[in-house]
J.: 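Let me begin by handing over the structure; questions about it come next.
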Amino acid sequence: DTAVSQTPKYLVTQMGNDKSIKCEQNLGHDTMYWYKQDSKKFLKIMFSYNNKELIINETVPNRFSPKSPDKAHLNLHINSLELGDSAVYFCASSQERRGSTEAFFGQGTRLTVV
Amino acid sequence: AQSVAQPEDQVNVAEGNPLTVKCTYSVSGNPYLFWYVQYPNRGLQFLLKYITGDNLVKGSYGFEAEFNKSQTSFHLKKPSALVSDSALYFCAVRDYGSGNTGKLIFGQGTTLQVKP
């Protein structure tokens, strides 16, 4: 069983569209994250939820809205997509937000905006 | 603010030779340090971590890392490289800044190329 799974794996869409990426973890972790990997492979945190509560909201445009219906799921909705949103988006989870536990990552969603 | 630096964009090594991927960090307290590997078109896989204790940490696939507090470094090492080790490697530190969010802060990544 995949520990952290994201869907879809690939997403090609036109500018101005709205799209969602789903993430689920079956590890029983309390904390989930969204990271963005840009074209230079740099990884940056976007959001984090702990037990369905938003705890990190980095400088991300309002067009990006995370939603956590329960602690096993963290979805990412993006409105009015722009060319600059093209990137790989990774979902991750960890047992706790403080402390020594490592994060487990999904396989990523490659978003291409045309 | 916490930060991590990987000074080399790419490391090239011949198969069978030892490899080192460098990482330096800057934190305000005791660091929690991690190494991850990313194979092409794949997610990040956890390799190893340093929390406390022995400065030499052993991890997956024969990798190890040496924590050096005086040099604020956490270099990744392997005694004998394999072609299959070729990938992108990330060093990360857990954030203990304001809010104590616990997010991972990643270095820029180092591409390891192992040649037969």
Side-chain angles (χ1 to χ4, degrees), chain A residues 2-10 21 23-25 27 29-51 53-60 88-112, chain B residues 1-6 8-10 23 27 29-54 57 59-60 63 65 67 74 87-112:
Chain A
T2 304
V4 181
S5 59
Q6 299 176 226
T7 54
K9 187 173 181 180
Y10 299 98
I21 307 172
C23 179
E24 176 182 5
Q25 55 96 2
L27 299 167
H29 288 169
D30 289 337
T31 305
M32 295 186 72
Y33 310 85
W34 278 109
Y35 281 84
K36 179 180 180 180
Q37 187 174 44
D38 63 22
S39 58
K40 296 184 178 180
K41 306 294 185 184
F42 188 68
L43 279 158
K44 189 170 183 205
I45 185 81
M46 298 174 69
F47 300 102
S48 177
Y49 271 73
N50 187 65
N51 274 325
E53 178 188 356
L54 180 66
I55 57 171
I56 297 174
N57 185 347
E58 295 286 300
T59 309
V60 178
V88 181
Y89 294 84
F90 286 103
C91 177
S93 72
S94 64
Q95 179 60 45
E96 53 183 343
R97 60 181 165 123
R98 305 183 184 104
S100 62
T101 56
E102 61 271 23
F104 291 80
F105 284 78
Q107 64 185 6
T109 297
R110 183 175 295 276
L111 172 64
T112 303
Chain B
Q2 334 293 326
S3 65
V4 173
Q6 294 179 242
E8 301 156 316
D9 287 339
Q10 182 156 329
C23 171
V27 299
N30 292 322
Y32 287 176
L33 294 158
F34 303 81
W35 274 102
Y36 284 83
V37 60
Q38 184 180 18
Y39 296 101
N41 299 315
R42 302 287 295 278
L44 278 74
Q45 296 179 31
F46 168 74
L47 280 178
L48 50 79
K49 65 183 177 185
Y50 172 81
I51 305 304
T52 187
D54 194 348
V57 178
S60 307
F63 283 94
F67 172 69
F74 188 54
L88 181 58
Y89 290 81
F90 289 98
C91 183
V93 65
R94 176 146 271 155
D95 176 44
Y96 288 104
S98 61
N100 196 6
T101 60
K103 67 184 179 184
L104 286 175
I105 299 171
F106 286 90
Q108 310 93 302
T110 299
T111 297
L112 174 65

J.: Taking side chain as everything from C-beta outward and backbone as N, CA, C, O, which of these in A:Leu43 sits under 4.5 Å from a heavy atom of chain B? Side chain, backbone, both or neither.
T.: both

J.: Contact part of B:Leu104 toward chain A, heavy-atom cut-off under 4.5 Å: side chain, backbone, both or neither?
T.: both

J.: Going by the rule side-chain hydrogen bond (donor to acceptor under 3.5 Å, both in side chains), which residues pair with A:Glu53 if we only count those two or more places apart in sequence or in a different chain?
T.: none

J.: Determine the option with the most heavy-atom pairs under 4.5 angstrom with chain B, choosing from A:Glu58, A:Gln37, A:Lys44.
T.: A:Gln37

J.: Assign the ring pair A:Phe105 / B:Phe106 to parallel, tilted or perpendicular, where the plane angle (0 to 90°) is split at 30° and 60°.
T.: perpendicular

J.: How about A:Gln6 and A:Thr109: does a side-chain donor come under 3.5 Å of a side-chain acceptor?
T.: yes

J.: Can you give each donor-acceptor pair under 3.5 Å made by side-chain atoms of residues 45-54 of chain B, sequence neighbours left out, with the distance rounded to 0.1 Å?
T.:
{"unit_1": "B:Gln45", "atom_1": "OE1", "unit_2": "B:Tyr61", "atom_2": "OH", "d": "3.2"}
{"unit_1": "B:Lys49", "atom_1": "NZ", "unit_2": "A:Ser100", "atom_2": "O", "d": "3.0"}
{"unit_1": "B:Lys49", "atom_1": "NZ", "unit_2": "A:Glu102", "atom_2": "OE1", "d": "2.8"}
{"unit_1": "B:Asp54", "atom_1": "OD1", "unit_2": "B:Leu56", "atom_2": "N", "d": "3.2"}

